[in-house]
Structure formats: C-alpha cells, structure tokens
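Encoded as structure tokens, the structure appears first; notes follow it.
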Amino acid sequence: MMERRKIRSQANAESRGDTLLDLVIEDHRTGLGGRYLVTFVKRNRTQSLPWNRFRVGSPVVASLEPDGDDIGYGIVCSRNNGSVEVAFDEWPDGDRFRLDISADEITRSRQLTALAAVGNARGRVAHLRDILLYERESRFDEPKPLDLDARFNDSQKSAIEFALASRDVAIIHGPPGTGKTTTVVELIRQAVTKGQKVLACAPSNTGVDNLLEKLVASGVRVVRIGHPARVQEELQQHTLDAIVESEPATKVVADMLREADKIARKAGKFTRAKPAPGARHEMRSESRQLREDAKLYERQIIANVLDRADVICATTNFDPDILGDRRFDLGVIDEACQCTEPGSWPILLRSERIVLAGDHCQLPPTILAKDAAAEGFAVSMMERLVRDLGDSITRQLQVQYRMHAQIMQYSSDSFYNGSLVAAPSVAAHLLADLVDPPHELILQTPVLFVDTAGANYDEELEPDGESRCNPLEAKWVMHQVREFCALGIRPDDIAIIAPYAAQVRLLRQMCPFRSLEIDTVDGFQGREKEVVIITLVRSNPTCEIGFLADTRRMNVAITRAKRKLCMIGDSATLSTHSFYADLIAYTENIDSYRSIWEIQLD
C-alpha cells in the first residue's frame with residue numbers, strides 16, 4: 001500500500017504499466033451476484049489506453065483524482081485498447097478516476113493459514129507433507145493399461161496411467177505444444193469414471209478457464225468457484241454464482257431478503273402513532289433473523305450444487321470457506337511451475353493424492369521482490385520435486401503438435417535433451433501452405449534470424465530507467481509484418497514478442513493492424529500463432545543482456561510459432577551468453593541466418 005501511494009506522486013506512473021490515470025465511467029451494467037461491472041475510458045475519449053499490465057482477474061483499487069482517496073476495490077473482467085471493465089461489489093462514486101493494480105493481500109493471508117495448517121497436520125495431510133519434504137517416498141501401484149482413443153500418443157497414455165497409479169504424488173511434465181492440458185483433462189475424466197471427486201486448480205484464471213473449457217467438453221459435471229468477473233464470459237454459466245442463481249430455491253432466498261429489507265425499513269419509519277413498546281426492536285430482530293435464515297438457506301443451496309459436481313475448478317488461492325470441510329480423492333495443479341511453493345500447499349490440505357502438471361523449463365512464478373527470489377521463492381514446488389526426485393515421480397510428454405520441426409529443435413536440444421518429436425501433422429508445415437501462390441522464399445522456410453551486428457541498431461533506455469527499447473529493430477519488425485501481410489498472411493495470425501515493455505509500447509504505437517498481437521514474453525505463455533516475430537532489443541558496447549539471461553523466458557518465446565519464427569538481434573551483444581551463441585549457430589546450420597545488411601528496408 002505504501003509503495004502504491006509513493007508511485008501515485010510520480011508523474012510517470014502510467015509508464016510502469018500498473019496504473020491508469022484520468023479515467024471516467026463510460027458505461028456500466030449489473031453482473032452476477034449484484035456486482036457492478038463498470039467500464040472506464042480515458043476522459044479524453046480520443047485517447048486509447050497506454051500499454052499496461054491490467055489482465056482479466058487482476059485485483060485493482062480505484063481512487064479519485066486529483067485527491068487520491070481510495071473508493072473501492074475491484075477485479076478486472078475485460079479489457080481492450082480503449083477501455084477496461086472492472087467488477088465492484090459497491091458502486092464507485094466519483095467523476096474522475098485512477099486505477100492501480102493492487103497487491104492481493106487475501107492470497108497471502110490464505111497461503112500463510114494453509115502453511116500453518118500443513119505444519120500442524122496429522123494423518124493423511126501429514127503423510128503427503130512428509131513426501132513433499134523428502135521424509136517419505138511416493139508410492140505407486142502397477143499402472144493399468146487404458147483403452148484411450150487414437151488422439152492420445154504413447155507418452156500421453158503413459159503419463160495418464162502413471163498418474164492414476166500414484167498413491168501419493170505424481171508429476172506430468174509437458175514441454176511446449178505437447179498437449180499437457182488435454183492430457184490432464186483425460187486424467188481427471190478417468191478419475192471421475194472411477195467415482196472419484198477432483199479438485200482441479202491452476203495459479204491463474206486463464207489457466208483455470210482452459211481447464212474448465214476442456215472439462216466441460218469432456219462431459220464431466222464441473223463447477224467453477226471464484227469471482228465471476230475473473231471467468232471468461234462464455235464460461236460463466238459454469239460458475240458457482242450462475243448455477244446457484246439458476247436454482248429454483250434461490251428465488252426463496254431472494255424473497256426472504258426482500259422481506260427482511262421491508263421489515264427493516266418499516267422499523268426505521270417514524271409515524272404519527274406511537275409504536276407499541278418494543279415493536280421496533282422486535283421488527284429489527286425479525287429482519288435480522290430473516291437475513292440469517294436466508295444466508296443459511298443459501299449456504300445449503302451452495303452445498304448441494306458443490307456436492308453434485310464431479311470436479312471443482314478453482315485458482316490455487318481459492319476461498320477455503322466456500323468448500324467447507326470437503327476433501328477430494330484427487331487434487332490437480334495445472335501450470336504448476338508458475339505457482340509459488342506456498343500457493344501449492346492449500347490443495348494438499350484438501351486432497352488424498354496430488355498430481356502436478358507443467359514445465360519447469362518455461363516461465364517460473366512471477367516474483368517482484370528480489371530478496372524473496374534470492375531466498376528461493378521463485379522456485380515452484382514442481383521444479384523442486386523434478387530437480388530432486390526426477391523420473392521416480394515424473395513422466396514427460398514427448399510429441400508436440402504445434403511447431404515445424406526446425407522451430408522445435410533448438411528448444412528440444414537445449415531444454416529437453418533432444419527428446420521432443422514433431423507430430424507428422426506439423427513437422428513440415430509452412431506459411432506457404434496458407435497462401436496461393438506460395439512463391440516467396442520467406443514463406444517456404446520456418447526460421448529466420450536477422451543479425452544487426454555492426455549496423456548501429458542500438459538499444460535505448462527509457463528516461464525513467466525502467467525499461468529498454470530498440471527503435472531500429474522495431475522498424476525492421478514492422479517492415480517484416482507488412483511484407484507478410486502483403487503476401488497474404490492475416491494480421492491476426494501474427495504475433496510480436498518483445499522482452500521489454502518499452503519495446504512493446506513502441507511497437508504498438510507503430511503498428512497499423514489492430515488485430516495483430518504485441519506483448520511481452522509473459523503475455524504469450526500458453527499461446528501460439530502461425531507467425532511469431534521476436535525482437536531481442538539488447539545491443540550495447542558492454543554486451544549486457546539483462547534478464548535475457550533467464551533462458552526459460554526465451555524458451556517460451558521461441559516455441560510460440562507454428563509455421564514461421566523470425567528473430568532480430570545483435571549477435572555481438574547476445575553471443576556473450578552461450579544460449580544465444582548456440583541459437584545463432586543453430587540458425588546458421590539450417591541456413592536461416594541473415595545479416596541486416598542483406599535486407600533493404602523501405
């Protein structure tokens with residue numbers, strides 16, 4: 001809170017991406033549970049919103065401008081270039097507003113409570129705790145062969161059978177494009193067919209929505225708990241709020257609450273006739289009792305809805321009060337490597353056994369405090385277990401269904417010991433397959449690295465020292481985008497990834513195509529496009545590459561493309577790190593390396 005108030009006094013607050021200034025309410029509507037869904041736009045309606053880190057599900061605080069008084073806490077439920085919609089429990093009264101991304105203190109409190117409970121636990125929870133702390137070994141029965149349909153490959157079948165045979169803890173390691181979530185959903189479906197109850201979680205709302213969508217399609221009875229504003233609109237019918245609202249008994253609760261309000265208003269009115277002694281008190285007591293009865297009845301409706309579900313979906317920081325004392329036969333955490341260690345333990349408290357799924361070679365948990373990261377907070381439970389227990393509790397998926405084989409290969413060699421195999425359906429697919437006539441060479445090759453060494457494509461530091469950009473790289477990227485579009489590639493099939501927010505902002509200002517996505521590496525985790533262009537930005541005489549040294553992030557970036565991966569960077573700067581030196585050498589070996597001097601810009 002103090003840090004946010006400090007930022008408020010800074011003139012460049014918006015440049016960090018955590019703040020939006022000078023907003024007004026353009027529209028509002030009523031959402032589930034009586035929440036207010038408020039759409040904010042710039043007071044100058046000709047302006048778009050600046051680049052920002054506001055995401056669906058982000059907790060935000062609204063304050064008045066210019067005095068800065070907080071007026072309400074909400075949740076981002078949708079956003080676009082010109083507006084952001086926020087769900088509030090109370091109406092945000094005011095004329096001009098500021099929105100700040102807020103620290104989620106509720107999550108921290110729940111995690112601390114869960115850690116204390118795990119530490120003091122006995123019985124089954126204590127047994128799982130001891131396994132996760134290496135004081136016991138995870139046990140497995142003999143895997144039973146499953147008769148799965150042909151869409152599951154051998155490594156997926158093996159992972160599902162292995163996880164079902166686990167008595168305690170198992171891990172499914174899913175490299176990019178290997179169908180990890182599809183595998184996890186089939187695991188859950190198989191558990192449900194055995195009569196088991198499942199708690200399916202992910203650290204982000206997007207991750208939970210991906211699970212939910214596939215679980216609904218698989219035919220299991222599933223309920224999504226959590227704030228409806230954090231759920232994709234097309235999936236909201238599967239939320240607890242929506243299902244409870246559709247229950248016939250909920251009308252009785254609404255009637256009881258209306259009657260309670262009516263009695264309370266009557267008790268508060270002054271009339272000419274003096275009320276009988278104690279009458280007001282009795283009416284207020286009756287109103288309170290009606291409210292309590294309504295809440296009790298509503299809790300019973302909620303309990304009935306949850307009891308009917310085979311699977312309950314939630315983020316890892318779910319509200320424990322909603323679940324009461326329920327326990328589950330199986331607890332699953334998808335995208336487990338993006339979850340901090342404390343974020344994984346609440347699922348342990350509820351589960352007889354657990355399965356973690358993810359990829360420790362991609363994005364780790366997002367940790368803002370450097371001291372916390374240095375103390376190990378950035379290491380997820382899954383990464384720790386894979387590191388220390390390895391194959392004894394882990395099965396890796398090996399067939400990927402996204403990338404051309406040459407796009408896949410460097411990632412496979414660098415992170416997965418060369419174990420990945422491109423499925424026949426994608427191994428040789430190219431952009432040339434999408435256009436007619438496919439005569440241009442750039443459409444007939446899957447990889448391109450453009451080297452700017454010696455061409456003075458220098459990086460620039462933003463005035464506030466917060467981020468970096470490279471204007472000449474940005475110019476080349478937009479040249480390449482226009483070339484692809486001129487050859488028949490649709491803008492919405494193209495993505496641009498930049499490791500620095502300043503470069504993202506610059507590219508968004510330059511881009512003429514609204515449907516073309518431009519974002520940081522983190523924004524593209526789990527995503528894919530036909531074409532991905534990566535601008536590496538760093539180019540300086542001291543050969544500093546900053547957080548490009550976190551090669552897991554680059555693993556995410558280079559594995560988003562399906563048919564064409566383009567990269568631009570300065571080999572003189574980048575090659576001081578072995579990962580980039582090897583990457584550039586790989587592009588030379590497959591004849592995909594070009595110097596910027598070979599390319600003429602308009």
Side-chain angles (χ1 to χ4, degrees), residues 151-156 158-159 172-183 335 337 357-363 386 394-434 442-450 484 489 493-497 499 521 524-534 536 548 550-569 574 578-594:
R151 64 194 175 99
F152 293 98
N153 61 59
D154 289 344
S155 66
Q156 291 173 322
S158 174
I172 296 176
H173 178 197
T178 55
K180 170 185 57 61
T181 300
T182 299
T183 303
E335 304 294 356
C337 289
D359 182 12
H360 54 285
C361 301
Q362 296 189 65
L363 292 182
V386 170
T394 304
R395 289 295 181 271
Q396 182 194 313
L397 308 181
Q398 296 179 328
V399 181
Q400 66 84 16
Y401 297 88
R402 175 185 300 156
M403 297 163 274
H404 187 287
Q406 287 188 347
I407 299 175
M408 171 202 75
Q409 197 60 51
Y410 184 71
S411 172
S412 177
D413 292 342
S414 300
F415 295 96
Y416 309 106
N417 297 315
S419 62
L420 297 188
V421 177
S425 59
V426 302
H429 67 179
L430 296 165
L431 283 181
D433 304 329
L434 303 181
I442 196 168
L443 302 178
Q444 298 176 11
T445 56
V447 179
L448 172 66
F449 182 87
V450 176
F484 280 130
I489 305 301
D493 282 332
I494 304 172
I496 302 172
I497 297 178
V521 178
F524 273 92
Q525 172 75 6
R527 305 285 307 288
E528 60 184 36
K529 287 285 186 178
E530 301 290 353
V531 184
V532 170
I533 306 174
I534 303 172
L536 293 163
L548 285 183
D550 183 352
T551 57
R552 289 177 297 181
R553 277 188 156 73
M554 193 48 53
N555 187 35
V556 173
I558 65 176
T559 55
R560 299 307 97 196
K562 297 165 69 174
R563 300 171 187 264
K564 185 74 178 188
L565 170 65
C566 298
M567 299 168 282
I568 181 169
L574 297 170
S578 60
F579 175 86
Y580 295 98
D582 291 344
L583 173 61
I584 294 168
Y586 172 72
T587 63
E588 290 177 321
N589 290 338
I590 61 172
D591 195 26
S592 296
Y593 170 93
R594 299 290 182 271

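Quick note: residue numbers are just sequence positions, from 1. Computation of the quantities below employed the complete heavy-atom set of this structure, encompassing side-chain atoms and omitting hydrogens, waters and symmetry-equivalent molecules. Here the structure is a predicted model, which is why all the values come from computation and not from measurement.
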Under a 3.5 Å distance rule, please check whether [X] uses its side chain to pair with a backbone N or O of [Y] as donor and acceptor.
| X | Y | value |
| --- | --- | --- |
| Lys564 | Ile442 | yes |
| Gln156 | Asn153 | yes |
| His429 | Lys562 | yes |
| Ser158 | Asp154 | no |
| Tyr580 | Leu548 | yes |

Using side-chain heavy atoms (C-beta onward) and a distance below 4.5 Å, is [X] in contact with [Y]?
| X | Y | answer |
| --- | --- | --- |
| Met403 | Pro176 | yes |
| Val421 | Gln400 | no |
| Cys566 | Phe484 | yes |
| Arg563 | Glu530 | yes |
| Phe449 | Ser592 | no |
| Ile172 | Gln396 | no |
| Ile489 | Leu431 | yes |

For [X] versus [Y], what's the shortest heavy-atom pair and its separation?
| X | Y | result |
| --- | --- | --- |
| Met554 | Phe579 | CG-CE2, 3.6 Å |
| Leu397 | Ala159 | CD2-CB, 3.8 Å |
| Ile407 | Ile558 | CG2-O, 3.6 Å |

Do Tyr410 and Phe415 have ring centres separated by under 6.0 Å?
no
Using the side chain to side chain donor-acceptor pair (under 3.5 Å) criterion, which residues pair with Thr559? Sequence neighbours excluded.
none
Check step by step if salt bridge (Lys or Arg N to Asp or Glu O under 4.0 Å) holds for Lys529 and Asp493.
CA-CA 6 Å; Lys529 287 285 186 178; Asp493 282 332; 5.9 Å; no
Looking at residues at least two apart in the chain, or sitting in another chain, which of them share a ring pair (Phe, Tyr, Trp, His ring centres under 6.0 Å) with Tyr593?
none
Those residues that, when tested against Phe152, pass ring pair (Phe, Tyr, Trp, His ring centres under 6.0 Å) (two or more places apart):
none
Just by distance, no angles: are the side chains of Ser419 and Asn417 close enough, under 3.5 Å, to form a donor-acceptor pair?
no
Is any side-chain N of the basic residue among Arg560 and Glu528 closer than 4.0 Å to the acidic one's carboxylate O?
no
